[in-house]
Amino acid sequence: MWIPYDIRAALKAESSRDSISLSRADARMREFLVGFFLRNPVTQIWELDLFVPEDLHLPQIGDQAEGGAGPVRISLHGNQGGKLAEILCRLSAPSAEEALARAHATIKPRILRYLVETGRGMAIAGWRIADLTHDARWRCTPFRPSALQLDLAALAPVAPDLVPIVTLFQRARNATDAASRLMAGFAVLHAAVTGHAALARSGAASLRVSEEMLIHSGAINAPEDLQGIGLADLVGLLRPHHDRLFTAEGVLAPLADDLAAQKHLSQLANLADLVAHRLIVAETRARNHAAPSLVGPEGVGV
(Lines give C-alpha, C1' and ligand atoms only; values in the text may rest on other atoms or scores of the structure.)
Protein backbone atom coordinates (compact mmCIF):
# COMPACT_ATOMS: atom_id res chain seq x y z
CA MET A 1 0.00 0.00 0.00
CA TRP A 2 1.31 3.42 -0.96
CA ILE A 3 1.91 5.75 1.98
CA PRO A 4 3.17 9.35 2.02
CA TYR A 5 6.73 9.59 3.28
CA ASP A 6 6.80 13.37 3.51
CA ILE A 7 4.14 14.91 5.75
CA ARG A 8 5.74 18.28 6.44
CA ALA A 9 2.54 20.07 5.42
CA ALA A 10 0.60 18.59 8.37
CA LEU A 11 0.68 19.22 12.11
CA LYS A 12 -0.96 16.68 14.41
CA ALA A 13 -2.39 18.09 17.65
CA GLU A 14 -1.20 16.23 20.73
CA SER A 15 -3.03 18.10 23.49
CA SER A 16 -6.64 18.88 24.38
CA ARG A 17 -8.97 20.54 21.92
CA ASP A 18 -9.44 23.46 24.33
CA SER A 19 -5.71 24.18 24.59
CA ILE A 20 -5.32 23.99 20.81
CA SER A 21 -8.28 26.36 20.32
CA LEU A 22 -6.91 28.85 22.84
CA SER A 23 -3.54 28.81 21.14
CA ARG A 24 -5.07 29.27 17.69
CA ALA A 25 -7.12 32.24 18.89
CA ASP A 26 -4.22 34.01 20.61
CA ALA A 27 -2.29 36.37 18.33
CA ARG A 28 0.04 37.73 21.04
CA MET A 29 3.78 37.20 20.98
CA ARG A 30 4.55 34.43 23.46
CA GLU A 31 7.04 31.66 24.13
CA PHE A 32 7.16 28.47 22.08
CA LEU A 33 9.42 25.45 22.21
CA VAL A 34 10.23 23.82 18.85
CA GLY A 35 12.15 20.57 18.70
CA PHE A 36 13.67 19.14 15.52
CA PHE A 37 14.23 15.38 15.31
CA LEU A 38 17.28 14.53 13.22
CA ARG A 39 17.91 11.59 10.90
CA ASN A 40 20.87 9.91 9.25
CA PRO A 41 19.58 9.47 5.64
CA VAL A 42 21.88 6.48 5.06
CA THR A 43 20.94 4.34 8.06
CA GLN A 44 17.52 6.01 8.52
CA ILE A 45 18.24 6.07 12.26
CA TRP A 46 17.04 9.16 14.08
CA GLU A 47 20.47 10.43 15.01
CA LEU A 48 23.37 12.22 13.36
CA ASP A 49 27.00 11.14 13.29
CA LEU A 50 27.88 13.85 15.80
CA PHE A 51 28.69 13.23 19.45
CA VAL A 52 26.90 15.31 22.07
CA PRO A 53 27.99 13.71 25.35
CA GLU A 54 25.66 16.00 27.31
CA ASP A 55 23.06 18.64 26.57
CA LEU A 56 24.78 21.56 24.87
CA HIS A 57 23.38 25.09 25.03
CA LEU A 58 24.54 27.37 22.22
CA PRO A 59 24.93 31.15 22.45
CA GLN A 60 21.51 32.66 21.83
CA ILE A 61 20.84 34.30 18.50
CA GLY A 62 19.81 37.94 18.85
CA ASP A 63 16.68 39.51 17.43
CA GLN A 64 18.34 42.07 15.16
CA ALA A 65 17.94 39.92 12.05
CA GLU A 66 14.61 38.53 13.16
CA GLY A 67 12.48 41.67 12.99
CA GLY A 68 12.55 42.30 16.72
CA ALA A 69 10.98 38.96 17.63
CA GLY A 70 13.42 38.34 20.46
CA PRO A 71 16.29 35.88 20.79
CA VAL A 72 16.30 32.23 19.75
CA ARG A 73 17.80 29.96 22.40
CA ILE A 74 19.17 26.72 20.97
CA SER A 75 20.18 23.51 22.73
CA LEU A 76 21.52 20.26 21.29
CA HIS A 77 20.52 16.91 22.78
CA GLY A 78 22.01 13.47 22.31
CA ASN A 79 20.44 10.05 22.59
CA GLN A 80 21.52 7.24 24.90
CA GLY A 81 24.49 6.56 22.62
CA GLY A 82 25.63 10.17 22.85
CA LYS A 83 24.78 11.04 19.23
CA LEU A 84 22.94 14.22 18.32
CA ALA A 85 19.23 13.37 18.00
CA GLU A 86 17.28 16.58 18.62
CA ILE A 87 17.73 20.33 18.47
CA LEU A 88 15.46 22.47 20.64
CA CYS A 89 14.64 26.12 19.99
CA ARG A 90 12.97 28.37 22.55
CA LEU A 91 11.63 31.55 20.98
CA SER A 92 8.74 34.01 20.80
CA ALA A 93 6.09 33.96 18.07
CA PRO A 94 2.37 34.74 17.64
CA SER A 95 1.44 31.21 16.47
CA ALA A 96 2.74 27.65 16.26
CA GLU A 97 3.21 27.93 12.50
CA GLU A 98 5.26 31.11 12.77
CA ALA A 99 7.31 29.63 15.61
CA LEU A 100 8.08 26.63 13.43
CA ALA A 101 8.97 28.79 10.43
CA ARG A 102 11.31 30.97 12.45
CA ALA A 103 12.96 28.04 14.22
CA HIS A 104 13.38 26.15 10.94
CA ALA A 105 14.97 29.18 9.27
CA THR A 106 17.38 29.39 12.22
CA ILE A 107 18.29 25.69 12.36
CA LYS A 108 18.56 24.76 8.68
CA PRO A 109 21.75 26.79 7.96
CA ARG A 110 23.31 25.39 11.12
CA ILE A 111 22.67 21.79 10.04
CA LEU A 112 24.04 22.61 6.60
CA ARG A 113 27.24 23.86 8.27
CA TYR A 114 27.55 20.59 10.19
CA LEU A 115 27.06 18.74 6.89
CA VAL A 116 29.80 20.79 5.19
CA GLU A 117 32.25 20.29 8.05
CA THR A 118 31.74 16.52 8.23
CA GLY A 119 30.74 15.52 4.71
CA ARG A 120 28.07 13.29 6.30
CA GLY A 121 24.41 13.06 5.30
CA MET A 122 22.04 14.90 7.63
CA ALA A 123 18.30 15.54 7.54
CA ILE A 124 15.44 16.78 9.68
CA ALA A 125 13.11 13.87 10.38
CA GLY A 126 10.27 15.86 11.92
CA TRP A 127 9.42 18.30 14.67
CA ARG A 128 7.36 18.99 17.75
CA ILE A 129 5.95 22.33 18.88
CA ALA A 130 4.74 23.46 22.30
CA ASP A 131 2.89 26.67 23.11
CA LEU A 132 4.12 27.16 26.65
CA THR A 133 1.39 29.70 27.49
CA HIS A 134 -1.57 27.47 26.63
CA ASP A 135 0.06 24.05 27.06
CA ALA A 136 -0.81 23.25 23.44
CA ARG A 137 1.35 20.75 21.59
CA TRP A 138 1.72 19.52 18.02
CA ARG A 139 3.90 16.97 16.27
CA CYS A 140 4.91 16.18 12.71
CA THR A 141 6.80 12.90 12.41
CA PRO A 142 6.67 10.19 9.76
CA PHE A 143 5.16 6.94 10.90
CA ARG A 144 6.71 3.56 10.33
CA PRO A 145 4.27 1.33 8.44
CA SER A 146 3.72 -2.24 9.46
CA ALA A 147 5.18 -5.06 7.37
CA LEU A 148 2.98 -6.44 4.60
CA GLN A 149 2.24 -10.04 3.72
CA LEU A 150 2.63 -10.92 0.04
CA ASP A 151 2.40 -14.18 -1.82
CA LEU A 152 6.02 -13.74 -2.82
CA ALA A 153 6.25 -17.04 -4.69
CA ALA A 154 3.29 -16.13 -6.90
CA LEU A 155 4.51 -12.68 -7.94
CA ALA A 156 6.22 -12.62 -11.33
CA PRO A 157 9.08 -10.19 -11.94
CA VAL A 158 8.34 -6.83 -13.54
CA ALA A 159 8.31 -7.13 -17.33
CA PRO A 160 11.55 -5.96 -19.00
CA ASP A 161 9.92 -3.06 -20.85
CA LEU A 162 8.35 -1.81 -17.60
CA VAL A 163 11.58 -2.00 -15.57
CA PRO A 164 12.79 1.53 -16.51
CA ILE A 165 9.43 3.02 -15.50
CA VAL A 166 9.30 1.15 -12.19
CA THR A 167 12.92 2.14 -11.56
CA LEU A 168 11.84 5.78 -11.75
CA PHE A 169 9.08 5.06 -9.25
CA GLN A 170 11.62 3.27 -7.04
CA ARG A 171 13.71 6.45 -7.06
CA ALA A 172 10.67 8.43 -5.95
CA ARG A 173 9.94 5.97 -3.14
CA ASN A 174 13.56 5.83 -1.98
CA ALA A 175 14.16 9.59 -2.05
CA THR A 176 14.47 11.39 1.26
CA ASP A 177 13.69 14.85 -0.12
CA ALA A 178 10.64 16.28 -1.87
CA ALA A 179 12.55 17.66 -4.86
CA SER A 180 13.96 14.25 -5.82
CA ARG A 181 10.57 12.63 -5.29
CA LEU A 182 8.91 15.20 -7.54
CA MET A 183 11.48 14.77 -10.30
CA ALA A 184 11.14 10.98 -10.34
CA GLY A 185 7.36 10.91 -9.97
CA PHE A 186 6.93 13.58 -12.63
CA ALA A 187 9.05 11.52 -15.02
CA VAL A 188 6.59 8.61 -14.72
CA LEU A 189 3.60 10.89 -15.25
CA HIS A 190 5.25 12.52 -18.24
CA ALA A 191 6.00 9.12 -19.78
CA ALA A 192 2.36 8.10 -19.39
CA VAL A 193 0.88 11.29 -20.80
CA THR A 194 3.24 11.31 -23.79
CA GLY A 195 2.30 7.75 -24.76
CA HIS A 196 5.23 5.66 -23.54
CA ALA A 197 4.56 2.14 -24.84
CA ALA A 198 5.24 0.51 -21.45
CA LEU A 199 2.26 2.37 -19.96
CA ALA A 200 -0.15 1.86 -22.85
CA ARG A 201 -2.67 0.01 -20.64
CA SER A 202 -2.30 2.18 -17.54
CA GLY A 203 -5.52 4.10 -18.11
CA ALA A 204 -3.62 7.38 -18.33
CA ALA A 205 -6.19 8.97 -20.62
CA SER A 206 -9.06 8.41 -18.19
CA LEU A 207 -7.23 9.06 -14.92
CA ARG A 208 -8.62 11.88 -12.78
CA VAL A 209 -7.23 13.24 -9.52
CA SER A 210 -9.77 12.25 -6.90
CA GLU A 211 -10.45 13.66 -3.46
CA GLU A 212 -9.17 10.37 -2.03
CA MET A 213 -5.84 10.87 -3.83
CA LEU A 214 -5.55 14.40 -2.46
CA ILE A 215 -6.31 13.31 1.09
CA HIS A 216 -4.00 10.31 0.90
CA SER A 217 -1.08 12.34 -0.49
CA GLY A 218 -1.61 15.30 1.84
CA ALA A 219 -2.27 17.60 -1.13
CA ILE A 220 -5.88 18.30 -0.11
CA ASN A 221 -4.75 21.66 1.33
CA ALA A 222 -2.52 22.62 -1.60
CA PRO A 223 -3.39 26.04 -3.05
CA GLU A 224 -4.01 24.63 -6.53
CA ASP A 225 -7.43 23.40 -7.66
CA LEU A 226 -6.43 19.77 -8.19
CA GLN A 227 -9.58 17.72 -7.71
CA GLY A 228 -10.96 16.21 -10.88
CA ILE A 229 -8.18 17.25 -13.25
CA GLY A 230 -6.81 14.78 -15.76
CA LEU A 231 -3.27 13.54 -16.10
CA ALA A 232 -2.32 16.00 -18.85
CA ASP A 233 -3.49 18.93 -16.74
CA LEU A 234 -1.68 17.55 -13.70
CA VAL A 235 1.56 17.28 -15.69
CA GLY A 236 1.05 20.85 -16.91
CA LEU A 237 0.47 22.06 -13.36
CA LEU A 238 3.55 20.26 -12.05
CA ARG A 239 5.78 21.31 -14.94
CA PRO A 240 6.89 24.73 -13.60
CA HIS A 241 7.58 23.25 -10.16
CA HIS A 242 9.66 20.54 -11.81
CA ASP A 243 11.47 22.86 -14.21
CA ARG A 244 12.48 25.38 -11.55
CA LEU A 245 14.61 22.63 -10.01
CA PHE A 246 16.90 22.89 -13.07
CA THR A 247 18.89 25.70 -14.63
CA ALA A 248 18.61 26.66 -18.29
CA GLU A 249 21.62 24.41 -18.90
CA GLY A 250 19.73 21.38 -17.56
CA VAL A 251 21.61 20.94 -14.29
CA LEU A 252 20.16 21.07 -10.78
CA ALA A 253 19.53 24.63 -9.67
CA PRO A 254 20.95 25.85 -6.34
CA LEU A 255 17.79 26.79 -4.40
CA ALA A 256 17.13 27.87 -0.84
CA ASP A 257 13.40 27.41 -0.31
CA ASP A 258 11.85 28.46 2.97
CA LEU A 259 9.72 26.05 4.97
CA ALA A 260 6.45 27.18 3.35
CA ALA A 261 7.84 26.46 -0.12
CA GLN A 262 9.20 23.11 1.04
CA LYS A 263 5.79 22.14 2.42
CA HIS A 264 4.11 23.00 -0.87
CA LEU A 265 6.70 21.05 -2.83
CA SER A 266 6.18 18.03 -0.56
CA GLN A 267 2.42 18.10 -1.28
CA LEU A 268 2.96 18.12 -5.03
CA ALA A 269 5.74 15.52 -4.83
CA ASN A 270 3.53 13.19 -2.80
CA LEU A 271 0.72 13.54 -5.33
CA ALA A 272 3.05 12.86 -8.27
CA ASP A 273 4.45 9.85 -6.41
CA LEU A 274 0.97 8.50 -5.66
CA VAL A 275 -0.36 8.97 -9.20
CA ALA A 276 2.76 7.30 -10.61
CA HIS A 277 2.03 4.30 -8.41
CA ARG A 278 -1.62 4.17 -9.55
CA LEU A 279 -0.56 4.18 -13.19
CA ILE A 280 2.01 1.41 -12.74
CA VAL A 281 -0.39 -0.75 -10.73
CA ALA A 282 -3.10 -0.28 -13.37
CA GLU A 283 -0.65 -1.24 -16.11
CA THR A 284 0.51 -4.31 -14.21
CA ARG A 285 -3.01 -5.49 -13.48
CA ALA A 286 -4.09 -4.96 -17.08
CA ARG A 287 -1.20 -7.09 -18.26
CA ASN A 288 -1.93 -9.82 -15.76
CA HIS A 289 -5.58 -9.88 -16.74
CA ALA A 290 -4.68 -10.19 -20.42
CA ALA A 291 -1.93 -12.79 -19.92
CA PRO A 292 -2.62 -16.31 -21.23
CA SER A 293 -2.96 -19.13 -18.74
CA LEU A 294 0.30 -20.69 -17.63
CA VAL A 295 -1.41 -24.02 -16.98
CA GLY A 296 -1.88 -26.60 -19.73
CA PRO A 297 -5.04 -28.61 -20.45
CA GLU A 298 -4.08 -31.37 -18.06
CA GLY A 299 -3.24 -28.94 -15.28
CA VAL A 300 0.49 -29.20 -15.93
CA GLY A 301 2.41 -25.93 -15.90
CA VAL A 302 3.67 -24.86 -19.31
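These figures come from a predicted structure and were not determined experimentally. Basis for what follows: all heavy atoms, side chains included, without hydrogens, waters or symmetry-related copies.
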Side chain to side chain donor-acceptor pair (under 3.5 Å) involving T194 - partner list, sequence neighbours excluded: none

CG on D26 to CG on D131, rounded to 0.5 Å: 7.0 Å

Side chain E283, main chain S202, donor-acceptor under 3.5 Å: yes

Qualifying residues under ring pair (Phe, Tyr, Trp, His ring centres under 6.0 Å), relative to F246, sequence neighbours excluded: H242

Set of salt bridge (charged side-chain N to carboxylate O under 4.0 Å, His left out) partners for E54, sequence neighbours left out: none

Contacts of R17 that satisfy salt bridge (charged side-chain N to carboxylate O under 4.0 Å, His left out) - sequence neighbours left out: none

Evaluation steps, side chain to side chain contact (heavy atoms under 4.5 Å, CB included), between R73 and L88: CA-CA 8 Å; R73 296 184 292 278; L88 292 178; over 6 Å; no

Closest non-hydrogen atom pair, N221 against Q267: C-NE2, 3.8 Å

Gap separating the CG atom of D49 from the OG1 atom of T43, nearest 0.5 angstrom: 7.0 Å

In one Ile/Leu/Val/Met/Phe/Trp/Tyr side-chain cluster, 4.5 Å: M213, L182: yes

Expected output: side-chain S19 to main-chain S16 donor-acceptor under 3.5 Å: yes

Nearest-0.5 Å distance, CD of residue E97 to NZ of residue K263: 6.5 Å

Crowding at CD, E212 (>12 non-hydrogen neighbours, <6.0 Å): yes

For R244, all residues meeting salt bridge (charged side-chain N to carboxylate O under 4.0 Å, His left out), sequence neighbours excluded: D257

Of all pairs that satisfy ring pair (Phe, Tyr, Trp, His ring centres under 6.0 Å), the ones with a partner from residues 13-35, not counting sequence neighbours: none

Residue pairs fulfilling side-chain hydrogen bond (donor to acceptor under 3.5 Å, both in side chains) with at least one residue in residues 174-188, sequence neighbours excluded: D177-S180, R181-D273

Where A187 and L168 come nearest, the two heavy atoms and their spacing: CB-CD1, 3.8 Å

Exercise: identify the closest heavy-atom pair between L279 and A204: CD2-CA, 3.9 Å

Within 6.0 Å of CZ in R120, more than 12 heavy atoms from elsewhere: no

Heavy-atom closest contact (S95 atom, E98 atom, distance): OG-N, 3.2 Å

pair E86-W46: side-chain heavy atoms closer than 4.5 Å: no

Can you list, pair by pair, the side-chain donor-acceptor contacts under 3.5 Å of residues 226-238, counting residues two or more places apart and other chains?
none

Qualifying residues under ring pair (Phe, Tyr, Trp, His ring centres under 6.0 Å), relative to H196, sequence neighbours excluded: none

Donor-acceptor under 3.5 Å (R24 side chain, L22 main chain): no

Heavy-atom pair of closest approach, residues C89 and F36: SG-CE1, 4.2 Å

Neighbour count >12 (heavy atoms, 6.0 Å) for atom CZ, R171: no

S92 side, atom OG; L132 side, atom CG - distance, nearest 0.5 Å: 9.5 Å

Partners meeting salt bridge (charged side-chain N to carboxylate O under 4.0 Å, His left out) with R39 (sequence neighbours left out): none

Residue pair N270 / S217, side-chain donor-acceptor N/O under 3.5 Å: no

Rounded distance (nearest 0.5 Å) linking atom CG of L214 with atom CG of L271: 6.0 Å

Nearest-0.5 Å distance, CG of residue L48 to CG of residue L84: 5.0 Å

Considering all heavy atoms, the nearest A27-P94 contact: O-CB, 3.4 Å

Side-chain touch M122/L50, heavy atoms, less than 4.5 angstrom: yes

Neighbour count >12 (heavy atoms, 6.0 Å) for atom CG, D55: yes

Those residues that, when tested against L58, pass side-chain contact (heavy atoms from CB on, under 4.5 Å) (two or more places apart): L56, I74, L76, R110, Y114

Polar side chain donor-acceptor pair, S75 to H77, under 3.5 angstrom: yes

Residue of the set R128, R137, R139 for which salt bridge (Lys or Arg N to Asp or Glu O under 4.0 Å) holds with E14: R139

All ring pair (Phe, Tyr, Trp, His ring centres under 6.0 Å) counterparts of W138, not counting sequence neighbours: none

